[in-house]
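By convention here, the first residue in the shown sequence is residue 1. First listed ligand is number 1; within each ligand, the first listed atom is number 1.
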Amino acid sequence: MIKITVIPGDGIGKEVMDVGIEILECLSLNIDFIEAEAGYECFKKNGTTLPEETIKNAKKSSSTLFGASTSTPNEKSPIIELRKKLDVFANLRPVKSFQGIKSFFNGIDFLIIRENTEGLYSQIESIEDDGNKTIANRIITRKASMKISDFAFKKAIGDNRKKVSCVHKANVLKKTDGVFRESFYKIASSYSNKYPQIIANDFYIDAMAMYLVMKPQKFDVIVTTNLFGDILSDEGAGLVGGLGLSPSANIGDKNGLFEPVHGSAPDIAGRQIANPIAMILSISMMLDFLKEKYYSEQVELAVENVLKAKKVLTPDLGGKSKTMDLANAIKDELKNLI
Ligand code: NAI
Ligand code: MG
């Protein structure tokens, strides 16, 4: 029995979660879904954006699926808190071109690995000087930096990738990003004898932002800190067709948490036009984590085939179809494949 905690959250999070569950129900897997709450609506109802019950369920599940949450004034982000509570230290955000999707480049295939537990998203902020001075703590530890770099190299080796690039701003943030870069090269040298084929290099975040829109095909694995990873992954999404197509996995030693990169999209919520593919591809990543490699691949293939056919597309992809039309096309394709 696979236990999956599902947290639809707010806005389009709920709409794409409905699709996600339908996709999982197409597979011959014995899944027990445990519905849990988080987000702004949850805050209005329960006074917290992330109830203890939700954390407890997520911790004892095989994995957790998260939709999206709307930010709540003066409250911590529930998804950032949940990532920390589950100690899912590595946030994996693949950026891959799709056939049939119009974008500036073809042949993009890189993976952003973002440190998930610290950095500028420590959510430790303070106010001084009668509100005139506000401070955010940017925490970078050697331990977390080594751990995320080690994860990146292991992933690169496992996926037969050829290059791992560290992204930082160590020329200005000399202490914090100094430690991040130093840790990266320490880990790189521990792999260099056995895996000489893997190139290790590093870039400043501002330069990387430019390179990604000039020669994105040159990148393979990018490992970076929390905020930089968040920004680069939306940039990556923009390179291959937008946030509607961008999935993510949060992986730790014990837990896995899977979610689309996008937020609750209040501008389109409630209109049934959200693209469910980011969620469906997050499910494909979850199935891989659950060692259901066959189903993981078939779900991804079903998405690719439907996009290639260009018949059923939501408005973000230039079409006129509704969320459920695209979901049904992918479900039909999936049923044909399996
Ligand atoms: P967003 O990701 O919700 O939307 C950005 C743009 O992309 C919007 O124009 C939206 O319509 C479009 N978009 C996003 N997902 C789409 C989909 N599946 N299909 C079609 N179009 C899609 O980011 P935004 O607008 O900056 O934030 C909205 C709310 O979501 C805020 O309250 C923010 O704090 C929250 N947020 C939550 C996240 C999470 O729960 N993981 C991540 C990012 C933002
Ligand atoms: Mg983001």
Q: Regarding K96 and E300, does a basic nitrogen lie under 4.0 Å from an acidic carboxylate oxygen?
A: yes
Q: Please determine if S69 has a nitrogen or oxygen closer than 3.5 Å to a nitrogen or oxygen of ligand 1.
A: yes
Q: Near the Mg ion (ligand 2), meaning under 2.8 Å, how many protein N/O/S atoms are there?
A: 1
Q: Around atom NZ of K163, are there more than 12 heavy atoms of other residues, nucleotides or ligands at under 6.0 Å?
A: yes
Q: Under a 4.0 Å N-O cut-off, is there an ion pair linking R271 with E15?
A: no
Q: Nearest protein heavy atom to atom 12 (C) of ligand 1: under 4.0 Å?
A: no
Q: Quick one: ring pair (Phe, Tyr, Trp, His ring centres under 6.0 Å) partners of Y121, sequence neighbours excluded?
A: none
Q: To the nearest 0.1 Å, how far is atom 3 (O) of ligand 1 from its closest protein heavy atom, and which atom is that?
A: A265 N, 2.8 Å
Q: Please state which part of F66 comes within less than 4.0 Å of ligand 1, counting heavy atoms only: side chain, backbone, both or neither.
A: side chain
Q: Regarding K44 and the six-membered ring of Y40, is the cationic atom NZ or CZ under 6.0 Å from the ring centre and inside 45° of its axis?
A: yes
Q: Who gets closest to atom 29 (C) of ligand 1 by heavy atom: S264, P260, G263?
A: S264
Q: So, are D87 and K59 salt-bridged, with charged N and O less than 4.0 Å apart?
A: no
Q: In ligand 1, which numbered atoms sit nearer than 4.0 Å to a non-hydrogen atom of E259?
A: 41 (N)
Q: Which is closest to atom 16 (C) of ligand 1 in terms of heavy atoms, D316, I7, I12?
A: I12
Q: With a 4.0 Å cut-off, would you call R83 and E259 a salt bridge?
A: yes
Q: Examine the side chains of N305 and E333 and answer whether a donor and an acceptor come within less than 3.5 Å of each other.
A: yes
Q: Could you walk me through whether F66 and F258 pass the ring pair (Phe, Tyr, Trp, His ring centres under 6.0 Å) test, one step at a time?
A: CA-CA 6 Å; F66 185 90; F258 302 83; over 10 Å; no
Q: Just which atoms of ligand 1 are under 4.0 Å from any heavy atom in S71?
A: 32 (O), 34 (O)
Q: Please work out which of the three classes, parallel, tilted or perpendicular, describes the rings of F153 and F184, given edges at 30° and 60°.
A: tilted
Q: Give the single entry among I268, N275, L326 that approaches atom 22 (C) of ligand 1 most closely by any heavy atom.
A: I268
Q: So is there a nitrogen or oxygen of L243 less than 3.5 Å from a nitrogen or oxygen in ligand 1?
A: no
Q: What do you reckon, is CD of E25 surrounded by more than 12 foreign heavy atoms closer than 6.0 Å?
A: yes
Q: I want to check a possible cation-pi pair here: R138 against F228, using under 6.0 Å from ring centre and within 45° of the ring axis as the test.
A: yes
Q: Going by the order shown, which atoms of ligand 1 are within less than 4.0 Å of some heavy atom of G244?
A: 17 (C), 18 (N)
Q: Show the atoms of ligand 1 that are less than 4.0 angstrom away from any heavy atom in A274.
A: 19 (N)
